[in-house]
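Residue numbering restarts at 1 for every chain, and letters A, B, ... go by the order of the sequence lines. Remember, it's a predicted structure, so these values are computed and weren't measured experimentally.
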Amino acid sequence: MPWRESKDLYLVLVSEIMLQQTRVETVIPYYRAFLARFPDAATLGNAPETDVLTAWAGLGYYSRARNLRLAAAQISARQPREYAEIRSLPGVGPYTAAALASISLNEPYAAVDGNVLRVVSRIANDPGEISSTAVKKRFDELAGQLLDPARPGDFNQAMMELGATICVPASPACGTCPVSEHCQARMAGTQRELPVKQGKPPARKLQQDLLFCEVDASIYLVRRSAAEKRMAGFWELPPRPVSTQDARESALPAATFTHQIVNDRFEVRVWTRYPRKRPAHLRDGAWIARHQLTGLPISTITKKALAILAAPETRVLSGRRTLSK
DNA sequence: AACACGGGGAT
DNA sequence: ATCCCAGTGTT
């Protein structure tokens, strides 16, 4: 892989940021083109943000690109000398900081990505649930104990490659694994069950019509009432209040609606009930949906809402969605 | 601790 | 068409 040809911090940084959530085969052509356009940290740090985003187009998660540009500006102003400085760069979390510090600065930090998490959970035959912070910390510590402090960069890359090629999720190739004799899961025969992941929520099915309507320049959601109810088929606001619990069980939009008739028009206010934490740009009175519950992708909703706002003469936009989960 | 971010690949 | 993937920032 092209990023293994150098230990230069900038070159490794670009590769590691691109590789976040993104497959190696996808990254390779972007990596080459990006470096041709931004060959060093100063060039990237001084480039206009839109140029960077254009070069990033197709990779997704664009905050990575924005943060990478800011990080490049920082390292070109001052070359990091240790883990803590790397970790403070925007877009560089615990995993990326450990990878960079070990590869570029030869510092003994274990880089624990999803691959390493899987390898470690199997070596220790640890049934801890992987998304819990306590378990994650335990796996971090174990990876740190296994780390070869003399060659931390090589060790980290070897662990990740082991997870990517041999200690794979579905059918690990224990027969060709170089460390199978140290693997507790292999001894117990549990390698296919590990790592333990959070259980999925109970299956839900819902079929209902959803409709976006504009009221006084705000976008709201109404739904077709269920077939078994009286007034079946009429459009209604989701009932209120809808607790998170109720919403989970009924697959209703988890929002609290209030409405009243004022001067022949109805006013609606919507308060989100789910998620418990709400992004700052979603304020009371704005229309909110959670795709985990409704099955509608947030991006789809956003595009629809924007389309309505851009065409104020459009009073109603309807669409039939079959929701399932 | 929960949520969003964005594509591509697998099913 | 839907599910799955698995680092970081934010709340």
Side-chain angles (χ1 to χ4, degrees), chain A residues 12-31 53 55-71 86-100 109-121 129-137 139-140 143 156 159-160 163-164 167-171 194-201 203-207 244 247-248 254 272-283 288-303 319-325:
Chain A
V12 181
L13 173 68
V14 172
S15 74
E16 287 297 341
I17 299 295
M18 284 188 174
L19 287 164
Q20 291 169 4
Q21 314 287 298
T22 310
R23 310 167 61 84
V24 167
E25 314 85 78
T26 306
V27 164
I28 288 176
Y30 279 91
Y31 181 77
L53 293 174
W56 202 266
L59 277 176
Y61 286 115
Y62 292 92
S63 66
R64 291 186 299 170
R66 285 187 271 268
N67 284 332
L68 176 59
R69 173 174 164 273
L70 297 175
I86 293 175
R87 176 68 180 82
S88 72
L89 297 170
V92 177
Y95 160 73
T96 305
L100 295 178
Y109 288 90
V112 182
D113 70 351
N115 288 315
V116 176
L117 228 40
R118 183 171 57 253
V119 170
V120 168
S121 73
E129 200 280 300
I130 215 73
S131 72
S132 117
T133 52
V135 171
K136 214 172 275 177
K137 188 175 168 190
F139 288 167
D140 274 353
N156 282 330
M159 285 287 276
M160 292 188 266
C167 197
V168 294
S171 23
L194 296 173
V196 173
K197 294 187 180 177
Q198 197 165 39
K200 289 161 187 137
R204 290 194 307 265
K205 271 191 190 297
L206 167 72
Q207 190 162 3
T244 300
R248 281 190 187 285
T272 179
R273 283 296 186 96
Y274 183 86
R276 291 180 279 281
K277 306 290 186 182
R278 162 177 48 160
H281 64 279
L282 299 177
R283 304 184 186 290
I288 292 168
R290 317 279 20 142
H291 68 274
Q292 289 87 348
L293 290 162
T294 65
L296 293 168
I298 287 276
S299 57
T300 304
I301 290 167
T302 303
K303 281 177 193 159
R320 184 180 180 78
R321 310 284 303 205
T322 300
L323 309 177
S324 62
K325 184 134 186 177

Rounded to whole angstroms, how far apart are CG on A:Leu68 and C1' on C:dT8? 13 Å
Look at the side-chain N and O atoms of A:Thr96 and state whether any lies under 4.0 Å from the OP1 or OP2 oxygen of C:dT8. yes
Pairwise P distance, B:dG6 and C:dT11 [rounded to whole Å]: 16 Å
Please report, rounded to the nearest Å, how far the P atom of C:dG9 is from the CZ atom of A:Arg87. 6 Å
Rounded to the Å, how far apart are A:Trp56 CH2 and B:dG7 C1'? 12 Å
Suppose you measure atom P in C:dA6 against the same atom in B:dT11; what distance do you get, rounded to whole Å? 14 Å
Checking the side chain of A:Arg87 only, and the main-chain atoms of A:Val92 only, is there a donor and an acceptor separated by less than 3.5 Å? yes
Classify the nucleic acid contact of A:Thr133 as base, sugar-phosphate or nothing, counting any heavy atom under 4.0 Å across all strands shown. sugar-phosphate
Examine C:dC5: is either OP1 or OP2 under 4.0 Å from a nitrogen or oxygen in the side chain of A:Lys197? Give yes or no. yes
Grab the two heavy atoms, one from A:Ala99 and one from A:Ala111, that are nearest each other, plus how far apart they are. N-CB, 3.7 Å
Calculate the interatomic distance between A:Leu100 atom CG and C:dG7 atom P; express it in whole Å. 14 Å
Would you check if the side chain of A:Tyr61 reaches a backbone N or O of A:Met18 as a donor-acceptor pair within less than 3.5 Å? no
Comparing nearest nucleotides in DNA chain B, the 5'-proximal residue of the pair A:Thr22, A:Glu25 is A:Thr22
With the side chain defined as heavy atoms from C-beta on, A:Gln20 is closest, among C:dG9, C:dT8, B:dG9, to C:dT8
So, do A:Arg66 and A:Leu53 sit near enough that their side-chain heavy atoms are less than 4.5 Å apart? yes
No-hydrogen, no-angle side-chain donor-acceptor test under 3.5 Å, A:Glu16 and A:Tyr95: yes
A:Leu59 CG - B:dC5 P separation (whole Å): 18 Å
Find the distance A:Tyr95:OH to C:dG9:P and express it as a whole number of Å. 14 Å
Would you mind reading off the distance between A:Asp113 atom CG and C:dC5 atom P, rounded to a whole angstrom? 14 Å
Specify the separation, in whole Å, of atom CZ of A:Arg23 and atom C1' of C:dC4. 11 Å
Check every strand shown and say whether A:Asn115 touches a base, only sugar-phosphate, or nothing at a heavy-atom separation below 4.0 Å. nothing
Counting side-chain heavy atoms from C-beta on, which of C:dG9, B:dG6, C:dG7 comes nearest to A:Tyr61? B:dG6
Under 4.0 angstrom, heavy atoms only, what part of the nucleic acid is A:Gln21 near: base, sugar-phosphate, or nothing? base
Can you tell me which nucleotide in B:dG7, C:dC5, C:dT8 comes closest to the side chain of A:Tyr62? B:dG7
